[in-house]
Amino acid sequence: MSEYDVIVIGSGAGGGTLVRHLAPSGKRILLLERGGWLRREPQNWLAQDVFVDGRYITPDTWYYADLTPFQPQVHYYVGGATKLYGAALYRLRAEDFGELQHHDGISPAWPIAYEDMEPYYTKAEQLYQVHGARGEDPTDPPASAAYPFPAVSHEPRIQQLSDDLAKEGLHPFHAPCGILLDESNPPYSKCVRCQNCDGFPCLVHAKSDAEVISVRPALEHPNVTLLTGAEVVRLETNPAGTEVSGVVVNIDGHTETHQAHIVVVSCGAANSAKLLLASATDAHPHGLANGSDQVGRNYMFHNSQAVLALSKEENPTIFQKTLGVNDFYFSGGEDFEFPLGNIQMVGKSQAPMFRGEKPGETRFAPNWSLEDVARHAVDFWLSTEDLPSPENRVTLARDGNIVIEYKASNEEPKERLFHQLKEMLANLGMHHDHLLPHHAYLKNEIPVAGCAHQAGTCRFGTDPAASVLNPDCRAHELDNLYVVDTSFFPSIGAVNPALTAMANAIRVGDHLLERLDAHEPRPEPAHA
Ligand SMILES: Cc1cc2nc3c(=O)[nH]c(=O)nc-3n(C[C@H](O)[C@H](O)[C@H](O)COP(=O)(O)OP(=O)(O)OC[C@H]3O[C@@H](n4cnc5c(N)ncnc54)[C@H](O)[C@@H]3O)c2cc1C
Ligand code: SF4
C-alpha cells in the first residue's frame, strides 16, 4: 500500500492551490517543496535587497542555447513564484482558448473551452480574494459571479490617467488584484497599501499568494504533510513504465523515496520539464511521458517590455498596479488587424531598482538623479503573446541543469504596442502638463533570464503524438502522473498566467477527488 494518496511536487500557484483544494477530502497528501519558508524580515520590503542584491532569487545556474550560463529569476519557496508576484489575477480572454491568428502565426486552441474553465476561474477568484470590477474591460470573458471584492481604487495620478484614456475613447479598467486590502475598514485591513508589492514578498502576509491562501490553510488539515528543502530529483516507474512508483527526494543531505497513488508535478514550467527529462527509463528513454518528444518544447514567457514614462510633475502613487488597458489585445487597428497585447501598470519605480545604471534616456532630463527619475516615473508593463514553437525548449545540460533555447516571436506586434502606448500618452495632451519634452521613455526588454511568466513545456491536448498531457492534465503515457503548473498551457495569451494555473489546479483537483472517490469534504478545521 502506498504511503500517500497524493504527492504534489512544488507548492506554487499550481501545486499549492491543488493541495488546498484536496485537503478537506481527508486523503493522505504529501507536499514536497524544494525551498523553505520565505523568512519574514525587514529586507522583504527593501528595494536594494530585493531588486539589486537578488536576495530571494535562486543561485541556480541555467544556460542559454550556446551554453552561456545565467542566473534565472526564479524563486524557490513555499508558495513558489507567487511569493514575489504582482498578484494581478487575470482570466485569459475567452478567445484565447480558441485558435487565434497572430502576426507571426497561430496561437493554437486549447483542448477545453473557456466555458469549461469558467467555474474554476470563479472559484479561484474567490479563493484568492480577487478585487476587481466587471464590465469595464470589453475584452473580459463572461463570468458567472461578480468579483468577491471591490476593485482596488486608483490613486489620484492613476485616476487622472484613467480619465484621460477614457476621454480618448479607450477602455481603461481596474486591474484584478489579489491583495487583502479592505479600503472600507483600514484599521482592520491586512494590506497596508504599500509601494513594495510587485516583485517583493509581502512582509505582513497580505498578498494573496499560494503560501498564505493555500499552503498554510491546507496544513491545518492533519492529513496534509509538507516537507520543505525537499528537492525531487527523479520519478521512478513500474517496469512497464505505466505508473510512477517512487518519488526520489534529496532532503537534508540524504535521499529518500516516497510512494503515492497519484503523483502531481508542479515545479514551474522549466523545472517540471527538467524533472521529467531527468527521469528517463528504459520504457521512457527520452524522458518520462515524452514519447511525443514534446516535453520541454513550446516554452513561452511573454514577449514583455517594462516601459517607464517620465512625467513632468511627480507621480506620488504608492500602489500603482491598479489599471489595465486591453483595447489592443485583439487588434492593432485598421492597418494592423493582428493582436498586440495587454498594457498594465507595474509597481512604482524606486531608484535602487535601476540597479545603479544610469538610464539611457535620462538625457532628456540631464540633471536628474535616479531618485528624480523614480519620483517622476509612471510605470507600465506591456505583454505581447509569444507563440509556442517546438524550437523554444527546455533541455538538460551535461551537468543536469536547465538549458533554454528561445527565439522571440511577434516582435512587430510588440513594437506596435509600445508605439500605441507612446501615441496614447502623447494624444492625451499630457506632454505639456505631465510628460517631459520629447517624451522621455525608458524601455526594458525582458530577457530569457526574466522567466517570471514561464509556461508551456508539457502542453495538454487530445493527441498523444502532439501533447504531453490529456485534457485532465494527466500524462498520456502514465496512469497516475499529472502536471498542474503553467507547463500545461498550449498558448499563453497576453495576460498574466497565475490565475489560470490556480483555476486549472482546482479543475484538476475536482477530477482527482472523483478519481479518489472522495466527494464528501470533511469539515474544515477551525483555522483553515
Ligand atoms: C516578480 C514576479 C511577478 C509576477 N507577477 C505576476 C502577476 O502579477 N500576475 C500573475 O498572474 N503572475 C505573475 N507572476 C507569475 C506567477 O507567479 C507564475 O505564473 C506562477 O507562480 C506560476 O505557478 P507555477 O505553479 O507554475 O510555478 P511556481 O509558482 O513557481 O511554483 C513552483 C514551485 O515548485 C518548486 N520546485 C521547483 N522544482 C522543484 C523540485 N524539483 N522539487 C520540489 N519542488 C520544486 C519551486 O520551489 C516552487 O515553489 C509573477 C512572477 C514573478 C517572479
Ligand atoms: S500592497 Fe499590501 S499586499 Fe502588497 S506588499 Fe504591501 S501590504 Fe502586502
Side-chain angles (χ1 to χ4, degrees), residues 8-18 31-36 38 44-45 50-51 56-58 60 72-90 128 152 175-181 189-212 215 227-235 247-251 265-272 274-275 278 301-302 318-321 344 346-347 381 383 450-455 457 483-489 492 495-502 504-505:
V8 177
I9 307 164
S11 64
T17 308
L18 175 66
L31 177 56
L32 296 168
E33 169 53 54
R34 71 179 285 173
L38 194 149
N44 288 177
W45 276 350
V50 177
F51 278 82
Y56 302 109
I57 296 174
T58 170
D60 265 13
Q73 307 215 345
V74 292
H75 313 274
Y76 297 144
Y77 291 103
V78 176
T82 68
K83 286 306 296 172
L84 283 291
Y85 79 163
L89 291 176
Y90 282 82
Y128 280 84
V152 177
C177 290
I179 58 174
L180 308 179
L181 177 69
S189 174
K190 286 189 181 153
C191 168
V192 297
R193 192 170 188 140
C194 74
Q195 61 179 347
N196 303 319
C197 199
D198 196 1
F200 295 81
C202 178
L203 178 56
V204 296
H205 275 191
K207 179 150 63 176
S208 295
D209 63 45
E211 176 202 340
V212 171
V215 178
L227 294 181
T228 57
E231 182 185 359
V232 176
V233 290
R234 206 171 63 254
L235 301 179
V247 174
V248 183
V249 189
N250 279 350
I251 183 165
V265 174
S266 192
C267 302
N271 274 306
S272 285
K274 174 185 172 183
L275 179 58
F301 74 110
H302 278 144
I318 291 174
F319 185 84
Q320 189 171 244
K321 208 175 169 75
Q344 62 184 271
V346 276
W381 179 269
S383 288
C451 41
H453 287 188
Q454 57 181 282
T457 75
V483 180
V484 297
D485 53 33
T486 53
S487 302
F488 81 96
F489 285 33
I492 193 173
V495 289
N496 318 47
L499 187 76
T500 301
M502 294 157 177
N504 184 63

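All heavy atoms count here, side chains included; hydrogens, waters and symmetry mates do not. Each ligand, and each atom within it, is numbered from 1 in the order the structure gives. These numbers come from a predicted model, not from an experiment.
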Trainee: Counting only nitrogen or oxygen atoms and a 3.5 angstrom limit, does Gly199 reach ligand 1?
Mentor: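 In this structure, Gly199 places no N or O atom under 3.5 Å from an N or O of ligand 1.
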
Trainee: For Pro497 and Thr486, work out which heavy atoms get closest and say how close.
Mentor: CB-CG2, 4.2 Å

Trainee: Among all the protein's non-hydrogen atoms, which is closest to atom 7 (S) of ligand 2, and how far away is it?
Mentor: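 Going by distance alone, atom 7 (S) of ligand 2 is nearest to Val192 N, 3.4 Å.
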
Trainee: Nearest 0.5 angstrom please: Asp209 CG to Leu84 CG, how far?
Mentor: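 Output value for this atom pair is 9.5 Å.
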
Trainee: Please state which part of Asn196 comes within less than 4.0 Å of ligand 2, counting heavy atoms only: side chain, backbone, both or neither.
Mentor: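 It is the backbone that gets close, since no side chain atom is under 4.0 Å.
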
Trainee: Report yes if some N/O of Val232 lies less than 3.5 Å from some N/O of ligand 1; otherwise report no.
Mentor: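 Between Val232 and ligand 1 (N or O atoms, distance only) the closest approach is under 3.5 Å.
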
Trainee: Please list the nearest protein heavy atom to atom 31 (O) of ligand 1 with its residue and the distance rounded to 0.1 Å.
Mentor: Gly12 CA, 3.3 Å

Trainee: Look at atom 1 (S) of ligand 2 and say which protein heavy atom is nearest, naming residue and atom and giving the distance to 0.1 Å.
Mentor: Cys194 N, 3.4 Å

Trainee: Within the stated cut-off of 2.8 Å, is an N/O/S atom of Cys197 closer than that to atom 2 (Fe) of ligand 2?
Mentor: no

Trainee: Just need the protein heavy atom nearest to atom 18 (C) of ligand 1, so name the residue and atom and give the distance.
Mentor: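 Minimum-distance protein heavy atom for atom 18 (C) of ligand 1 reads Ala452 O, 3.9 Å.
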
Trainee: Checking Ser383 side chain against Val495 main chain: does a donor-acceptor pair fall under 3.5 Å?
Mentor: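 No, the answer is negative, given that no donor and acceptor are paired below the 3.5 Å cut-off.
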
Trainee: Hey, looking at atom 8 (O) of ligand 1, which of Ala88, Gly229, Ala81 has the closest heavy atom?
Mentor: Ala88

Trainee: Tell me: protein heavy atom nearest atom 8 (Fe) of ligand 2, and distance?
Mentor: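 Going by distance alone, atom 8 (Fe) of ligand 2 is nearest to Cys202 SG, 2.3 Å.
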
Trainee: Between the side chain of Thr82 and the main-chain N/O of Ala13, is any donor-acceptor distance below 3.5 Å?
Mentor: no

Trainee: Closest heavy-atom contact between Leu275 and Val232?
Mentor: CD1-O, 3.7 Å

Trainee: Please find the pair of heavy atoms, one from Ile179 and one from Cys191, that lie closest to each other, and give the distance.
Mentor: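 Taking every non-hydrogen atom into account, CD1-SG, 4.0 Å.
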
Trainee: Between Asp60 and Lys274, is the closest basic N to carboxylate O distance under 4.0 Å?
Mentor: no

Trainee: Closer than 3.5 angstrom, by distance alone: can the side chain of Asp485 be matched with the main-chain N or O of Gly268 as a donor-acceptor pair?
Mentor: yes

Trainee: Supply the atom-to-atom distance His205 NE2 to Lys190 NZ, rounded to the nearest 0.5 angstrom.
Mentor: 11.0 Å

Trainee: Would you give the length of the straight line joining atom CD of Glu231 to atom CD1 of Ile251, rounded to the nearest 0.5 angstrom?
Mentor: 11.0 Å

Trainee: Quick check against the 3.5 Å criterion: does Ser266 have a side-chain atom that pairs as donor or acceptor with the backbone of Ile9?
Mentor: no

Trainee: For Val204, counting its heavy atoms only, list the atoms of ligand 2 lying under 4.0 Å from any of them.
Mentor: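 In order of number, 7 (S).
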
Trainee: Give the atom numbers and elements of ligand 1 that come within less than 4.0 Å of a heavy atom of Leu32.
Mentor: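 Counting from 1, the qualifying ligand atoms are 43 (C), 44 (N).
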
Trainee: For ligand 1, which is the ligand I care about here, please tell me if Ala501 has any N or O atom under 3.5 Å from one of the ligand's N or O atoms.
Mentor: no

Trainee: Can Arg34 be said to sit on top of Tyr76's aromatic six-ring, NZ or CZ under 6.0 Å from centre and within 45° of the ring axis?
Mentor: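 Cation-pi check for Arg34 and Tyr76: passes.
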
Trainee: By number and element, which atoms of ligand 1 are closer than 4.0 Å to a non-hydrogen atom of Thr486?
Mentor: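 The list of qualifying atoms is 22 (C), 26 (O).
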
Trainee: Below 4.0 angstrom from a heavy atom of Gly80, which ligand 1 atoms are there? Numbered from 1 as shown, please.
Mentor: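 What qualifies from ligand 1 is 29 (O), 31 (O), 48 (C), 49 (O).
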
Trainee: Kindly check if the number of other-residue, nucleotide or ligand heavy atoms within 6.0 Å of CZ (Arg234) is above 12?
Mentor: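 At most 12 heavy atoms, drawn from other residues, nucleotides or ligands, come within 6.0 Å of this atom.
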
Trainee: Please confirm whether the backbone N or O of Cys197 pairs with a side-chain atom of Lys207, one donor and one acceptor, at under 3.5 Å?
Mentor: yes

Trainee: Is Gln73 close to ligand 1, meaning an N/O of one under 3.5 Å from an N/O of the other?
Mentor: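 For ligand 1, there is no N or O atom that lies under 3.5 Å from one belonging to Gln73.
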
Trainee: Give me the nearest non-hydrogen protein atom to atom 27 (O) of ligand 1 as residue plus atom name, then the distance to 0.1 Å.
Mentor: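 Among all protein heavy atoms, the one nearest atom 27 (O) of ligand 1 is Gly268 CA, 3.7 Å.
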
Trainee: Does any N or O of ligand 1 fall below 3.5 Å from an N or O anywhere on Arg34, backbone included?
Mentor: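 Indeed, backbone or side chain, Arg34 has an N or O that close.
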
Trainee: Would you please determine whether Gln454 falls within less than 4.0 Å of ligand 1 on a heavy-atom basis?
Mentor: no

Trainee: Over all heavy atoms of both residues, which pair between Leu31 and Ser11 is shortest? Give the atoms and the distance, please.
Mentor: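 Closest pair (atom of Leu31, atom of Ser11, distance): CD2-CB, 3.8 Å.
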
Trainee: Atom 20 (C) of ligand 1: which of Ala13, Ala87, Ala278, Gly10 has the nearest heavy atom?
Mentor: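 The option holding the nearest heavy atom is Ala13.
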
Trainee: Regarding ligand 1, does Asp485 bring an N or O atom to under 3.5 Å of one of the ligand's N or O atoms?
Mentor: no

Trainee: Which of the numbered atoms in ligand 1 are below 4.0 angstrom from a heavy atom of Leu84?
Mentor: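 Taking each heavy atom of Leu84 in turn, ligand 1 has 1 (C), 2 (C), 3 (C) under 4.0 Å.
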
Trainee: Please report the shortest heavy-atom distance between Gly35 and Thr228, naming the atom on each side.
Mentor: O-CB, 3.4 Å

Trainee: Within the 4.0 Å heavy-atom shell around Lys207, which atoms of ligand 2 are there?
Mentor: 3 (S)

Trainee: Who's closest to atom 21 (O) of ligand 1 heavy-atom-wise, of Thr228, Leu18, Thr82?
Mentor: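 Looking at heavy atoms only, Thr82 sits closest to atom 21 (O) of ligand 1.
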
Trainee: Nearest 0.5 Å please: distance from the CD1 atom of Ile492 over to the CD atom of Gln454.
Mentor: 9.5 Å

Trainee: Tell me the protein heavy atom at minimum distance from atom 3 (C) of ligand 1, and give that distance in Å.
Mentor: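 The closest one turns out to be Tyr85 CA, 3.3 Å.
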
Trainee: For ligand 2, note which part of Trp45 has a heavy atom under 4.0 Å away: side chain, backbone, both or neither.
Mentor: side chain

Trainee: Do the side chain of Tyr85 and the main chain of Ser208 share a donor and acceptor less than 3.5 angstrom apart?
Mentor: yes

Trainee: Report the part of Cys267 (side chain from C-beta onward, or backbone N, CA, C, O) that has a heavy atom under 4.0 Å from ligand 1; answer both or neither where that applies.
Mentor: both

Trainee: Can any side-chain N or O of Gln320 pair as donor or acceptor with the backbone N or O of Val346 at less than 3.5 Å?
Mentor: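 Yes; judged by distance alone, with no hydrogens or angles, the pair exists.
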
Trainee: Applying a heavy-atom cut-off of 4.0 Å, say which part of Lys274 lies close to ligand 1: side chain, backbone, both or neither.
Mentor: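 Neither part.
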
Trainee: Could you pull out the closest heavy-atom pair between Val484 and Gly15, with the gap in Å?
Mentor: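 Scanning both residues, the minimum pair turns out to be CG2-N, 4.1 Å.
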
Trainee: Return the residue, atom name and 0.1 Å-rounded distance of the protein heavy atom closest to atom 47 (O) of ligand 1.
Mentor: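 Minimum-distance protein heavy atom for atom 47 (O) of ligand 1 reads Glu33 OE2, 2.5 Å.
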
Trainee: To the nearest 0.5 angstrom, please state how far the CG atom of Leu38 sits from the NZ atom of Lys83.
Mentor: 6.0 Å

Trainee: Does ligand 2 have a heavy atom under 4.0 Å from the side chain of Ile179, from its backbone, from both, or from neither?
Mentor: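 The part of Ile179 near ligand 2 is the side chain, not the backbone.
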
Trainee: Look at atom 53 (C) of ligand 1 and find which of His75, Lys83, Gln344 reaches it with the closest heavy atom.
Mentor: His75

Trainee: Which of the numbered atoms in ligand 1 are below 4.0 angstrom from a heavy atom of Ile9?
Mentor: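 So the answer, numbered in order with elements, is 42 (N), 43 (C).
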
Trainee: Distance under 4.0 Å to a non-hydrogen atom of Ala230: what atoms of ligand 1 satisfy this?
Mentor: 42 (N), 43 (C)

Trainee: Measure the distance from atom 7 (C) of ligand 1 to every protein heavy atom, then report the residue, atom name and distance (to 0.1 Å) of the closest one.
Mentor: Asn496 ND2, 3.5 Å

Trainee: Taking only heavy atoms of Pro497, which atoms of ligand 1 are found under 4.0 Å from at least one of them?
Mentor: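 Near Pro497, meaning under 4.0 Å from one of its heavy atoms, ligand 1 has 11 (O), 12 (N), 19 (O).
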
Trainee: Quick one: which ligand 1 atoms are inside 4.0 Å of a heavy atom on Ser266?
Mentor: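 Contacts of ligand 1 toward Ser266, numbered from 1: 25 (O), 32 (C), 33 (C), 34 (O).
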
Trainee: Where does Tyr90 meet ligand 1, judged by heavy-atom distances below 4.0 Å: at the side chain, the backbone, both, or neither?
Mentor: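 For Tyr90, no heavy atom sits under 4.0 Å from ligand 1.
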
Trainee: For atom 11 (O) of ligand 1, what is the closest protein heavy atom, and at what distance to 0.1 Å?
Mentor: Ala498 N, 2.8 Å

Trainee: For atom 2 (Fe) of ligand 2, find the nearest protein heavy atom and state the residue, atom name and distance (0.1 Å precision).
Mentor: Cys191 SG, 2.3 Å

